[in-house]
Amino acid sequence: MKIGIIGGGNVGAALAKRLGAAASFGEVVVLAAPWGVVELALRQAGSLHGKILWDCTNALTADYTGLEVGTTISGGEIVARLAAGARVVKAIPPSAQLLLSDNPTVDGKPVAALLCSDDAAAKAVVTSLVTALPAQAVDFGPLSNARFAEPAMMVIVRLAFGLNRGYRLGLALLSENPATPS
Ligand SMILES: NC(=O)c1ccc[n+]([C@@H]2O[C@H](COP(=O)([O-])OP(=O)(O)OC[C@H]3O[C@@H](n4cnc5c(N)ncnc54)[C@H](OP(=O)(O)O)[C@@H]3O)[C@@H](O)[C@H]2O)c1
């Protein structure tokens, strides 16, 4: 599968290492740019109509202490508005440092990524990529649920950067009920 990356920083490097992604656009385009440049980066990328767009961004404030959007709208939904016709899947991956390390799991277990999308086929493709990282791919329903997934992932940002817990941490979902496709 051809994977292109918008934003060749830490996350871009981590996904390239784990998935063999190339810096040219393919079937899946990964959005891994800082929130402040997302609009510009998508404009510069040109049409993504029909492409699967894996949105990895945290809609962080510039000082990393908060989110620019949340609970009533999400970064994922804003990305979908900006990238007209793209098949957007919101899934914030594990930390780049964890993925770039020799052991991308925590205590032997993959950490969770919550996948939100209105496109079931696109979500299935990104699920396979997330699983390959490895991460625990959790189907978190429609793209509008990114309103809650994005603040949840902020727990990791605050633990890692605000509370100095380092990068070898992540969320995991414990559930006794099997997932049903959403
Ligand atoms: N770091 C993590 O562990 C982690 C985990 C999950 C999610 N995220 C999210 O993923 C996104 C990327 O994080 P990161 O840590 O990889 O950031 P980063 O290391 O700062 O890299 C961002 C990249 O975006 C590029 N960029 C800047 N303006 C651009 C434009 N207009 N078009 C295309 N690319 C542009 C930068 O290029 P230049 O260097 O040339 O400016 C840089 O290579 C952020 O939204 C972050 O919140 C990060």
Side-chain angles (χ1 to χ4, degrees), residues 3-19 21-26 28-48 51 53-70 73-80 82-83 86 88-106 110-117 126 129-138 140 146-172:
I3 305 170
I5 297 176
I6 300 173
N10 294 315
V11 170
L15 298 191
K17 174 184 167 101
R18 292 287 161 197
L19 303 175
S24 62
F25 287 0
V28 177
V29 177
V30 174
L31 178 61
W35 182 249
V37 302
V38 157
E39 183 169 1
L40 174 65
L42 286 172
R43 208 177 321 127
Q44 290 171 334
S47 175
L48 297 174
K51 300 262 190 195
L53 182 58
W54 174 5
D55 175 12
C56 295
T57 62
N58 290 296
L60 291 172
T61 55
D63 64 2
Y64 284 31
T65 62
L67 288 171
E68 294 281 0
V69 294
I73 188 68
S74 63
E77 289 165 284
I78 292 170
V79 163
L82 293 170
V88 176
V89 181
K90 183 76 193 207
I92 296 173
S95 84
Q97 285 167 299
L98 185 65
L99 293 176
L100 286 167
S101 74
D102 289 342
N103 177 7
T105 61
V106 174
V111 304
L114 306 172
L115 285 88
C116 306
S117 181
V126 178
L129 295 174
V130 163
T131 304
L133 287 174
Q136 178 194 28
V138 177
F140 198 50
R147 297 171 186 193
F148 310 110
E150 292 170 4
M153 298 312 286
M154 193 65 185
V155 171
I156 299 306
V157 175
R158 294 310 300 155
L159 280 169
F161 296 105
L163 296 166
N164 301 318
R165 292 288 296 268
Y167 64 88
R168 300 202 64 82
L169 79 176
L171 302 182

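In this text, all values refer to a predicted model and were calculated from it rather than measured experimentally. Whatever order the structure lists them in is the order used to number ligands and atoms, beginning at 1. The analysis underlying the following values was restricted to heavy atoms, covering all of them including side chains, and did not include hydrogens, waters or symmetry mates.
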Atom CZ in Phe148, atom CG in Leu114: separation rounded to 0.5 Å?
-> 12.5 Å

For atom 25 (C) of ligand 1, the option (of Pro94, Ala13, Gly36, Gly7) bearing the nearest heavy atom = Gly7

Are any non-hydrogen protein atoms located under 4.0 Å from atom 32 (N) of ligand 1?
-> yes

Do the side chain of Glu150 and the main chain of Gly75 share a donor and acceptor less than 3.5 angstrom apart?
-> yes

Among all protein heavy atoms, pick out the one at the shortest distance from atom 21 (O) of ligand 1; state its residue, atom name and that distance to 0.1 Å.
-> Gly9 CA, 3.2 Å

If we only count N/O pairs under 3.5 Å, is Gln97 in contact with ligand 1?
-> no

What protein heavy atom sits nearest atom 22 (C) of ligand 1, and how far off is it?
-> Pro34 CD, 3.4 Å

Check whether more than 12 heavy atoms from other residues, nucleotides or ligands sit under 6.0 Å from atom CZ of Arg165, and answer yes or no.
-> no

Report, in ascending order of atom number, the atoms of ligand 1 lying under 4.0 Å from any heavy atom of Gln44.
-> 30 (C), 31 (N), 32 (N)

heavy-atom search around atom 5 (C) of ligand 1 in the protein gives Val11 CG2, 3.8 Å

Any residue meeting salt bridge (charged side-chain N to carboxylate O under 4.0 Å, His left out) with Arg168, in chain and number order, not counting sequence neighbours = none

Contacts table for residues 9-17: side-chain donor-acceptor under 3.5 angstrom, sequence neighbours left out:
none

Per-atom contact, atom 8 (N) of ligand 1, protein heavy atoms, under 4.0 angstrom | yes

Calculate, to the nearest 0.5 Å, the distance between atoms CD and OG1 belonging to Gln136 and Thr131 respectively.
-> 9.5 Å

Numbered in order shown, the ligand 1 atoms found under 4.0 Å of a heavy atom of Ala96 are 1 (N), 2 (C), 3 (O)

Taking atom CG of Leu19 and atom CG of Leu99, what is their separation to the nearest 0.5 Å?
-> 8.5 Å

Taking only heavy atoms of Cys56, which atoms of ligand 1 are found under 4.0 Å from at least one of them?
-> 7 (C), 8 (N), 9 (C), 10 (O)

Residue pair Asn103 / Thr105, side-chain donor-acceptor N/O under 3.5 Å | yes

Check for a donor-acceptor pair, side chain of Trp54 on one end and backbone N or O of Ala91 on the other, with a separation under 3.5 Å.
-> yes

Looking only at protein heavy atoms, identify the closest one to atom 12 (C) of ligand 1 and say how far it is in Å.
-> Ala32 O, 3.2 Å

Nearest to atom 47 (O) of ligand 1 by heavy atom, Asp55, Asn58, Leu98: which?
-> Asn58

Using a heavy-atom cut-off of under 4.0 Å, does the side chain or the backbone of Met153 touch ligand 1, or both, or neither?
-> neither

Give the single entry among Val37, Val157, Leu40, Ile156 that approaches atom 26 (N) of ligand 1 most closely by any heavy atom.
-> Val37

Quick one: which ligand 1 atoms are inside 4.0 Å of a heavy atom on Ser95?
-> 3 (O)

Specify whether the nearest protein heavy atom to atom 37 (O) of ligand 1 is under 4.0 angstrom away.
-> no

Would you give the length of the straight line joining atom CD1 of Ile73 to atom CZ of Arg147, rounded to the nearest 0.5 angstrom?
-> 5.0 Å

Heavy-atom side-chain proximity of Leu60 to Met154 below 4.5 angstrom | yes

Taking only heavy atoms of Ile92 into account, list the atoms of ligand 1 that are under 4.0 Å away from them.
-> 6 (C), 7 (C)

Output yes when the distance from some N or O of ligand 1 to some N or O of Ala33 is under 3.5 Å, and no in every other case.
-> yes

